[in-house]
Amino acid sequence: MQGTALINVNIITVDKDDRVLENAGMIYDTEGTIVAIDTSEKINLLAKEENIPLEDGMNTYVFPGLINTHTHLYQCLLKGLGSDLALENWWPSTIAPVGLALREKHVEAGVSLGLLEGIRSGVTTIADFMQFHPVKGFSQLEIEKAREIGVRMIYGRGFRDAGNDPRLVEKPEDVFMEIEYLKNKYENDDCMTQVWLAPAAVWGFTREGLQKIRNYASSTKTSIMMHMFETETDNLVCREKYNQDAIEFFKEINLLGPDLLAVHSVALEEHEIQIFKDFDVKVSHNPVSNMYLASGVAPIPEMLKAGICVGLGTDGAASHNDNDMIETLKTAALLHKVTYKDPAIINAYQVLQMATINAAKALNMEDKIGSLEVGKRADFFVFNPLKSVKSCPVLNPIATLVYSGDLNAVEKVVVNGKTVLDQGIFVNLDEKRILATAQEMALDLIKNAGL
Ligand SMILES: [Zn+2]
């Protein structure tokens, strides 16, 4: 057998028994499948028997790759723009003008930067909601960039079928055709690419448009990611347009289901949480963005209590100002502790689960990713606290990652068995050039947007 063996590591499996294996090792094959996890000694013997090259982890910590369930990668060019505004002002003043000015060169630069930052923060899977398509070709460009850089991507083809600006409005049928093309071209057994429907939000759609989305999703088994209940706006819009609360409207048009990832879910009350649970709707929780735009606090402890599957996300860098999942881990924990004035309301391990196995469940990919187990994809990162003043020393690796985690300690990142970051250096990428291009393209974009 060919593959790679990693020994002398501590493995935080996040499996169903929550095992943390000290002095352990693992082997993954060239196809990117984990074929063995055991004591370091046994892995050492097995690797020697099979002639598999050995890598000494030097007592570092191996975590499942983090899964970012929501971002807008192109927004990595917008860090620092549109600060200190509420969602309803931030959108028309910043996001919409930029969206219209976006061209391929900006998307390429922003996506590349965001993928790099994701990798540096231990991310191996990103669900990206690409919301603007003022010219054709962004979808292929972005998917190919993710494949080239080597990050697993759930690509959400964003769109809207209503709004004041016709340049931002698309016919659902045209989008469905593009999705079909993308699925045929890029979805295959390596699971590096998945294509989803990404309707903007209820305010960006007609009733008919959302009904078409549900029909297309069900008939083609295409999942849906959609901004929902980010603020009270969903309810206000639905009451005005449809004379009913948003949850009732979503129920009526059959939008709710296990293939729906409801991004944000901040403005949810108890009965809406119950309806989400009844329909097995998944939730993407984006605490930094919700705090940045002052949207509110998503009732995550209540959702977890109700048994709703919650995955963690950064949201775009226009409302997070970076794409750092490690920062998001800590923020998620602290936000709920202080909101409920209860330090035990959510613990470090629950937050890690939201960024790994529960994020995988939220993306309906738990049979492939989200934990380190035999048969799953080799998606992981190696955390070395000796590379970071912030993270050293380690007394509890999970607490260290969540509360003292640092990008400098993310020493190695492997996606689908392929090493993308090694010894803190990108294997096949010119990081300096990508950063310089991002700076240049950010200035070019805001100039073109007239900001
Ligand atoms: Zn978003």
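Each ligand, and each atom within it, is numbered from 1 in the order the structure gives.
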So does His264 have any N/O/S atom less than 2.8 Å away from the Zn ion (ligand 1)?
no
- Report yes or no: do Tyr186 and Glu144 form a side-chain donor-acceptor pair below 3.5 Å? yes
Practice task
Would you kindly say whether Thr206 and Asp161 are connected by a side-chain donor-acceptor distance under 3.5 Å?
Solution key: yes
Atom name of the N, O or S atom of His70 nearest to the Zn ion (ligand 1) is NE2
Checking distances from the Zn ion (ligand 1), one finds that the N, O or S atom of Asp315 closest to it is OD1
So, do Lys145 and Glu142 sit near enough that their side-chain heavy atoms are less than 4.5 Å apart? no
Vertex the Zn ion (ligand 1), ends His227/NE2 and His72/NE2: angle to nearest 10° comes to 110°
Cut-off 3.5 Å, side chains only: do Thr60 and Glu411 have a donor facing an acceptor? no
